[in-house]
Each structure stands twice: as structure tokens, then as C-alpha cells.
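Being a predicted model, the structure only gives us computed values, none of them experimental.
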2 protein chains.
Amino acid sequence: MRKQITMRDIARITGVSPKTVSRVVNNQGEISEVTRKRVQEAIETLGYSPNITARSLVQGRSNTIAVVAWGIEYYGPSRVVVGIERQADEYGYSLLLTLLRAKETDQKIRDTLKDLAARRVDGIVFAIPEFNDNRSWINEEVLNRLPPIVFLNMESRSGINIVSVDNKAGARLAVTHLLEQGRKKIATICGPLRWWEARQRLAGWKEVLDQAGFFTSGDVIAEGDWSAESGERAMRQLLESAPNIDAVFAANDQMALGALGVLHQRGIDVPDDIAVVGFDNVPDSAYFYPPLSTVDQPLLELGKVGVQKLNQMIATVRHDDDGMEKSTTLLMPKMIVRQSSYIDNLKKNSL
Amino acid sequence: MRKQITMRDIARITGVSPKTVSRVVNNQGEISEVTRKRVQEAIETLGYSPNITARSLVQGRSNTIAVVAWGIEYYGPSRVVVGIERQADEYGYSLLLTLLRAKETDQKIRDTLKDLAARRVDGIVFAIPEFNDNRSWINEEVLNRLPPIVFLNMESRSGINIVSVDNKAGARLAVTHLLEQGRKKIATICGPLRWWEARQRLAGWKEVLDQAGFFTSGDVIAEGDWSAESGERAMRQLLESAPNIDAVFAANDQMALGALGVLHQRGIDVPDDIAVVGFDNVPDSAYFYPPLSTVDQPLLELGKVGVQKLNQMIATVRHDDDGMEKSTTLLMPKMIVRQSSYIDNLKKNSL
DNA sequence: TTGTAAGCGTTATCAC
DNA sequence: GTGATAACGCTTACAA
């Protein structure tokens with residue numbers, strides 16, 4: 001990586017014009033085999049590498065999209081980023097990764113986005129979970145100054161493009177499954193309720209139980225913070241406030257894991273005494289003790305569909321079809337039944 | 001994001017030269033308060049955003065570094081990327097993320113790096129684990145055509161900059177701990193031995209046992225593939241080939257988790273009958289049943305130190321001090337003792 | 001304190 | 001098929 005070799009250098013050496021070198025590099029236009037060969041050889045031997053920055057400048061597009069994400073050290077967010085990267089790669093985009101902390105101010109978020117706009121990324125995937133009022137900065141004026149942007153996992157809303165997993169439906173799956181297993185008193189360890197996803201999962205739980213005519217009073221709800229430790233706390237609280245429960249729906253697998261630990265300590269059998277269902281289907285959940293029933297989210301797909309939608313927006317903007325309809329796409333989770341909630345008929349009969 | 005507003009536009013409107021606008025934008029040079037205000041206002045109202053691509057072109061630096069990574073859906077790799085992102089952000093670099101699959105060919109790796117060079121990233125963090133011969137492409141000729149590059153977690157080697165966690169030392173910690181707990185027949189579930197890290201961990205296990213004069217024959221070694229499922233298989237194999245073991249060192253927490261599952265099924269008590277130690281300290285490991293003793297790797301730091309080193313390389317190249325010494329930096333893991341390997345004295349006496 | 005001119009390395013346009 | 005010329009939007013020298 002000494003002095004940069006430019007197109008001009010290649011042109012001078014091979015005795016052609018820079019534009020011809022450009023044509024060879026980009027495989028465009030008709031070129032005689034002779035010159036093409038000669039140019040290509042010069043490129044090889046000199047180790048010429050086209051300066052993509054310059055190309056971006058003149059073409060007005062960077063072939064780069066940015067993802068603004070949070071918490072990629074956790075399973076869910078990192079899966080989503082993987083999906084985003086794969087689809088971006090497929091489309092030929094490079095991926096700029098920007099990580100935010102959980103509690104960023106509005107100002108910080110806007111500065112980050114402004115910076116991405118300055119870097120002239122072609123589009124942005126906003127993959128920060130919705131909580132508190134961290135969507136309050138969204139308005140037409142701000143969006144107009146930004147490249148095309150698609151939001152992941154947030155409440156449906158007009159004027160912007162969104163792709164979300166249907167968390168409420170996922171919770172419904174879990175609780176319905178528990179009802180089908182004959183459970184009657186189903187408590188929940190919900191996530192932090194300042195998170196939209198946590199509220200959705202709680203709402204799904206409530207919806208099914210309300211319809212079935214079961215209680216959903218406060219004593220069968222314990223709020224955690226997604227961590228296993230908070231799951232322990234919540235489980236202890238539930239055993240106190242509602243000792244006669246026969247099932248727990250935890251809003252994520254970590255909290256379910258914490259709950260399992262408490263149940264072991266107390267000698268409460270899972271699933272015979274209390275069934276447990278989680279949410280997320282983290283890989284380890286199949287090896288928890290006992291293997292955890294859970295709700296699988298299509299996280300890879302969430303990322304992919306997000307980029308697909310973004311790519312459409314980018315294409316639309318380019319063609320000046322100022323009219324791409326903004327919409328929300330919902331992705332469906334599915335139920336994974338394992339031993340923490342399932343008693344097979346053989347055993348059931350003998351109980 | 002309609003037509004791009006340029007410096008010229010701002011200049012024309014405020015009646016100053018483009019260069020003055022540039023000075024305002026970059027806070028450089030002395031400018032009268034009057035013009036600065038005027039320019040700034042114009043920038044605000046027009047929503048001007050400087051084109052960083054153009055700046056990169058003229059300055060010959062992109063203020064971007066790239067990370068080439070693998071498996072960020074797993075805890076370890078994602079932590080490393082987080083560390084990289086943080087340090088990059090601190091230095092003012094943007095981060096380009098490129099993900100590779102496990103089994104990429106040499107050619108694919110080289111193409112990827114070539115592309116990053118074309119994008120004129122200022123440096124590259126190569127965070128692909130070393131396995132098989134996926135380092136065989138490294139040679140001076142290739143490196144010379146690449147921006148500064150630092151390698152993470154690979155065998156020490158002259159001519160390149162490396163930052164690694166000392167996996168062998170980590171394994172030694174684990175096995176030493178088990179010996180101190182009075183264990184005498186310590187088996188291991190090692191990782192796939194085509195991985196450098198797996199070989200290191202196995203070597204650490206062997207080293208300590210050899211020194212202590214204990215057996216390390218094949219029947220106390222079972223190879224897994226890092227997955228919990230392979231941990232199950234390996235544990236079953238060990239119980240068959242060496243039924244009298246009193247401890248297992250698993251080369252990662254997932255495999256330890258699988259092993260725990262098998263031990264439960266067989267009614268073998270952990271840690272009374274068999275102690276188990278893992279490696280990685282994934283967050284969930286504190287909530288396994290029983291809580292897992294493990295070796296904590298400084299993964300965030302690995303990423304950070306990598307970027308620090310890279311930043312030095314970048315600075316060195318710029319100053320044409322062609323002489324930054326290439327070196328390997330080793331980071332030390334630490335032992336985390338939990339209940340899967342620890343019997344406190346009270347209980348010990350009563351056994 | 002501010003302006004002018006040149007150039008960064010490409011590609012687009014239009015000509016030959 | 002190939003080339004000349006003018007951008008792209010900014011910064012660096014150097015002037016004023």
C-alpha cells in the first residue's frame with residue numbers, strides 16, 4: 001500500500017486513455033481483445049485497485065447501506081444483523097455498522113443519522129428496539145434530510161417503512177399451547193414494559209387468557225428486565241403472589257432460564273408441576289434443563305426483508321417515482337414445543 | 001434527500017467563497033463571527049450536509065476501518081465486534097462490517113480483502129478464527145497490497161500484527177482449579193481440532209495434567225464441534241471410555257451445557273460426582289443448572305486492543321515511518337468459579 | 001479574515 | 001473501439 005496507482009498510470013503505461021481503462025475495469029462497452037488483455041495485465045502487475053471513493057463521488061451513490069443497531073452481543077439483535085449483512089451482500093452493498101447504547105438521547109440518535117447522511121450511505125436500517133420515547137425524533141422534516149430508511153421492530157405508523165416480528169401473535173401461540181396442554185393458571189414474566197416488544201408479548205398473553213375466561217390479574221404478572229437474574233426474581237415473586245400457578249410464560253428465554261433455576265431450587269417439577277415457555281428460541285434453549293419450549297422469531301428474515309424493502313426505497317428514489325407506498329410488514333413467529341411444557345400422553349395418564 | 005446541496009450553494013447564498021464555508025464546517029482558521037453565523041444559518045436552513053465521500057477523495061483517507069468477522073450470532077465473536085466498534089467510534093472511524101461463512105475459500109477471503117482495499121478503508125481487523133489452513137493466503141506480497149491489517153486470535157507469527165487471547169493459559173487455569181479441588185481424573189471435551197483455539201485449550205489441559213503426573217490418554221479426550229449437542233455426544237462417549245472420571249473440562253460453555261444435560265439424565269451429581277468447567281463465560285452460564293464454572297475471556301478488550309494496534313499502524317504508515325515493529329499481544333483470561341466445580345468445605349467434610 | 005486555482009481519481013458525454 | 005473534456009464536491013496551497 002505505497003503510493004496509490006491510478007487509472008492514469010495504467011493508461012499511460014499501456015498507451016490508452018483513462019476511459020478505456022475504466023471500461024476494462026467495469027466490463028462495459030465493446031473493447032478489442034488486444035487492448036483489454038494489455039490493460040488487464042498492467043492492472044495485475046502493478047497491483048492497481050480502483051478507487052471506489054472516487055467512483056462514488058461521481059456516481060452519487062456509495063453502494064453502502066448503514067445499520068444502526070443495539071445489543072449485538074445478544075442473540076436476537078446479532079441474528080438480525082447477520083440477516084441484514086447477507087441480504088446487503090447479495091445486493092452488492094457494503095455494510096456500515098453503527099452501535100448505540102441502550103439509553104441514547106434523541107440528540108445522539110439524530111447526530112448519528114446525520115453522520116450517516118454525510119457519509120452518503122444509500123440507505124439506513126434502523127434496528128434499535130423501540131422503548132420509552134426513542135421514536136419521538138421521527139418526523140417528516142428529519143426524514144426528508146435522511147437517505148431512505150427502514151425501521152425494524154416498532155409499532156406500525158404511517159409515513160415510514162417498517163418490518164416487525166408479530167410479537168403479540170407469538171405470545172398468543174405460547175399461551176394457546178399452554179391452554180391446549182390443559183394448564184389453567186398461566187402466569188407471565190413479562191419484559192420491561194417501557195419496551196414495545198415486551199408490551200406486545202404481554203398483550204398477546206392477556207388476549208388469549210381473557211378470551212378463555214381466565215384471570216390476568218396483577219398477581220400473575222411479574223416484570224423482568226430480560227436478564228436471567230430478573231427471571232429468578234420474577235419467578236420467586238410469582239410463587240409468592242400466586243402459589244397455585246401451573247404454567248409460566250416468560251417473555252424471553254433468558255428469563256425463562258432464571259425461572260427454571262428457581263423452580264429447581266424449590267423442588268418444583270417442570271413441567272409436571274409448572275410448565276414453562278420462553279420466547280426467542282436461543283440455541284441453548286434446546287439444552288436447558290429441561291429443554292425449553294419457546295417461540296421462534298424469524299430474525300434472519302427480519303433483517304433480510306428489511307434490506308429488501310430498503311433496496312426498493314433506494315431504487316424508487318433514484319427513479320424519482322416519489323410514490324413508494326410506506327407500509328408495515330409483519331413476520332410470523334412459530335411455536336417450538338419441548339419438554340418444559342409438554343407431557344406426553346403416556347405419562348399424562350399415569351399422573 | 002432531494003438534490004444535494006453543496007458548499008457552492010451555501011457559498012453563493014451567503015456571498016462568501018466555498019473555502020470559507022469549508023472553514024466553518026471544519027472549524028478551522030480564524031473566521032469573523034459575523035460570517036460564521038451567516039454561513040451556519042444558511043447551512044441549517046438549507047439542511048446542508050457535507051459530502052464526506054468528496055473529502056475522503058481529496059484527503060486520501062476514509063476514516064473508515066473494516067472488520068472481517070465470522071459467526072457474530074455467537075456470543076464470543078459478537079463481543080469482539082462490539083469492542084472493535086467502541087474503540088473505532090472513539091477514534092472517529094466508521095466501521096465497515098463484512099461477514100464470512102465458516103468455510104470460505106482462500107480466494108473468497110482474498111477477494112473480500114481486495115474489495116476493502118478498493119473501498120480505501122484505512123485499515124482492517126481480521127477477526128476470523130484460525131482453522132484448517134485459512135491463514136495460508138498470508139504472505140508479504142498480498143499484505144503489501146492491503147491497507148494496514150491486524151489479526152485476531154491466531155498463532156503468533158512474524159511479519160504481522162496479532163492480538164490473541166491466551167487460550168492455553170485459560171485452559172491451564174481451569175485444570176489447575178480442578179486439581180486444587182482435589183479432582184484426580186480430569187477428562188476434556190475439546191473443540192474441533194482443526195481450530196487453533198481448540199488445540200490451544202487442549203494443550204493447556206494436557207500441560208497441567210502432564211506436570212501433575214496424571215494420565216492424558218485418548219480415553220479421557222472427546223472431541224466436539226463447539227455445539228451443545230456435540231457436548232452431549234462427547235459426554236456420553238467419556239462415560240463409556242472412562243467411567244471413573246471425576247471432572248470434565250469442556251472447551252466452551254455450550255459443550256459444557258450439553259454435558260450437564262447428559263449427567264442429569266444419568267443421575268450423576270454435579271459437582272459431587274463429576275465437576276464440570278467450561279470456557280467463555282457466556283452470560284447464561286451463571287444460570288445453568290448448576291451454575292457453571294468457566295474461563296472468562298477478555299473479548300471486549302480483544303477488539304479494543306486490536307483497533308488500538310491498527311490505529312498505530314495507520315498512523316505509522318501515514319508518517320512513512322516504515323518501521324513499526326510487528327508483534328503479537330496476548331490477553332489473559334481469568335477463572336470464574338461457580339457451583340459446577342466447587343464444593344465448599346462445610347459440605348466437603350460431610351461427604 | 002477571506003478568496004482563487006488546482007487537483008483528488010473516477011465516470012459521463014459526446015465526439016472521432 | 002477509443003479518446004478528450006468536463007464534471008462530482010471537497011480541501012490544499014498560495015494569494016490577497
Side-chain angles (χ1 to χ4, degrees), chain A residues 1-40 42-43 46-64 115 117-122 147 318, chain B residues 1-40 42-43 46-64 115 117-122 147 318:
Chain A
M1 198 86 170
R2 324 260 140 239
K3 285 170 219 152
Q4 291 299 338
I5 294 151
T6 76
M7 250 174 191
R8 252 208 244 325
D9 297 325
I10 304 292
R12 190 155 7 94
I13 285 163
T14 55
V16 299
S17 76
K19 177 68 223 191
T20 299
V21 179
S22 167
R23 278 191 263 255
V24 172
V25 169
N26 299 295
N27 276 318
Q28 58 181 206
E30 304 294 297
I31 301 189
S32 77
E33 260 316 302
V34 201
T35 51
R36 146 167 278 123
K37 266 257 165 61
R38 206 148 38 103
V39 170
Q40 227 137 26
I43 288 177
L46 292 194
Y48 164 72
S49 151
N51 186 328
I52 296 211
T53 312
R55 180 188 295 171
S56 295
L57 179 59
V58 58
Q59 294 193 148
R61 55 135 85 197
S62 59
N63 290 308
T64 300
D115 182 63
R119 290 200 127 85
R120 295 298 188 272
V121 297
D122 295 335
R318 290 235 171 84
Chain B
M1 199 82 173
R2 322 263 141 236
K3 285 168 217 152
Q4 291 299 340
I5 294 151
T6 77
M7 249 175 192
R8 254 209 239 328
D9 297 325
I10 305 292
R12 189 156 6 95
I13 285 164
T14 54
V16 300
S17 75
K19 177 66 228 193
T20 299
V21 178
S22 166
R23 277 191 265 255
V24 171
V25 169
N26 299 296
N27 277 318
Q28 58 181 204
E30 304 295 297
I31 301 189
S32 78
E33 260 317 302
V34 202
T35 52
R36 146 166 278 123
K37 267 257 164 61
R38 209 148 37 104
V39 170
Q40 227 137 26
I43 289 177
L46 292 194
Y48 165 71
S49 152
N51 186 327
I52 296 210
T53 311
R55 182 188 295 171
S56 295
L57 179 58
V58 58
Q59 293 191 149
R61 56 134 86 196
S62 60
N63 291 306
T64 300
D115 182 63
R119 291 201 127 84
R120 296 296 189 272
V121 298
D122 296 335
R318 291 235 171 84

Could you tell me the separation between the [atom1] atom of [X] and the [atom2] atom of [N], rounded to a whole number of Å?
{"X": "A:R55", "N": "C:dG9", "atom1": "CZ", "atom2": "C1'", "result": "11 Å"}
{"X": "B:M7", "N": "D:dA7", "atom1": "CE", "atom2": "P", "result": "20 Å"}
{"X": "A:R36", "N": "D:dT2", "atom1": "CZ", "atom2": "P", "result": "10 Å"}
{"X": "B:R12", "N": "D:dG9", "atom1": "CZ", "atom2": "C1'", "result": "13 Å"}
{"X": "A:R38", "N": "D:dT2", "atom1": "CZ", "atom2": "C1'", "result": "12 Å"}
{"X": "B:E33", "N": "C:dT2", "atom1": "CD", "atom2": "C1'", "result": "15 Å"}
{"X": "B:R61", "N": "D:dC10", "atom1": "CZ", "atom2": "P", "result": "18 Å"}
{"X": "A:I5", "N": "C:dG9", "atom1": "CD1", "atom2": "P", "result": "11 Å"}

Any [X] side-chain N or O less than 4.0 Å from OP1/OP2 of [N]:
{"X": "B:N51", "N": "D:dC8", "result": "no"}
{"X": "A:T6", "N": "C:dG9", "result": "no"}
{"X": "B:T53", "N": "D:dC10", "result": "no"}
{"X": "B:T20", "N": "C:dG3", "result": "yes"}

Original post:
Which angle, rounded to 10°, do you find between the first-five-pair axis and the last-five-pair axis of the helix from C:dT1-D:dA16 to C:dC16-D:dG1?
Top reply: 30°
Run the side-chain contact (heavy atoms from CB on, under 4.5 Å) test against [X] and tell me which residues pass, sequence neighbours left out.
{"X": "B:T53", "result": "A:T53, A:S56, A:L57, A:R120, B:N51"}
{"X": "A:K19", "result": "A:S17, A:S22, A:R23, A:Q28"}
{"X": "A:V24", "result": "A:I31, A:V39, A:Q40"}

Once rounded to the nearest 0.5 Å, what's the spacing between atom [atom1] of [X] and atom [atom2] of [Y]?
{"X": "A:T64", "Y": "B:R119", "atom1": "OG1", "atom2": "CZ", "result": "4.5 Å"}
{"X": "A:T20", "Y": "A:R36", "atom1": "OG1", "atom2": "CZ", "result": "11.0 Å"}
{"X": "A:T14", "Y": "A:K37", "atom1": "OG1", "atom2": "NZ", "result": "15.0 Å"}

Original post:
Can you find a side-chain donor-acceptor pair between B:N63 and B:R55 that sits under 3.5 Å?
Top reply: no
**OP:** Check every strand shown and say whether B:T35 touches a base, only sugar-phosphate, or nothing at a heavy-atom separation below 4.0 Å.
**Re:** sugar-phosphate
Original post:
Just checking A:P50: base, sugar-phosphate only, or nothing, at a heavy-atom cut-off of under 4.0 Å?
Top reply: sugar-phosphate
Original post:
Which residues satisfy the salt bridge (Lys or Arg N to Asp or Glu O under 4.0 Å) test with B:R12, sequence neighbours excluded?
Top reply: B:D9
Original post:
Which atom pair, heavy atoms only, marks the closest approach of B:I10 to B:Y48?
Top reply: CD1-CB, 3.6 Å
Subject >> Closest to side chain of A:R8, choosing from D:dT11, D:dG9, C:dT10 >> reply: C:dT10
Subject >> Nearest listed nucleotide, side chain of A:L57, among C:dG9, D:dC10, C:dT1 >> reply: C:dG9
Using atom names, set out every protein N or O paired with an N or O of nucleotides 12-16 of chain D below 3.5 Å, distance rounded to 0.1 Å.
unit_1: D:dT12; atom_1: OP1; unit_2: B:Q59; atom_2: OE1; d: 3.3

Original post:
B:G15 or A:N26: which one's nearest nucleotide on DNA chain C is closer to the 5' end?
Top reply: B:G15
**OP:** Go through the steps for B:I52 and B:Q59 under the test side-chain contact (heavy atoms from CB on, under 4.5 Å), then give the verdict.
**Re:** CA-CA 10 Å; B:I52 296 210; B:Q59 293 191 149; over 6 Å; no
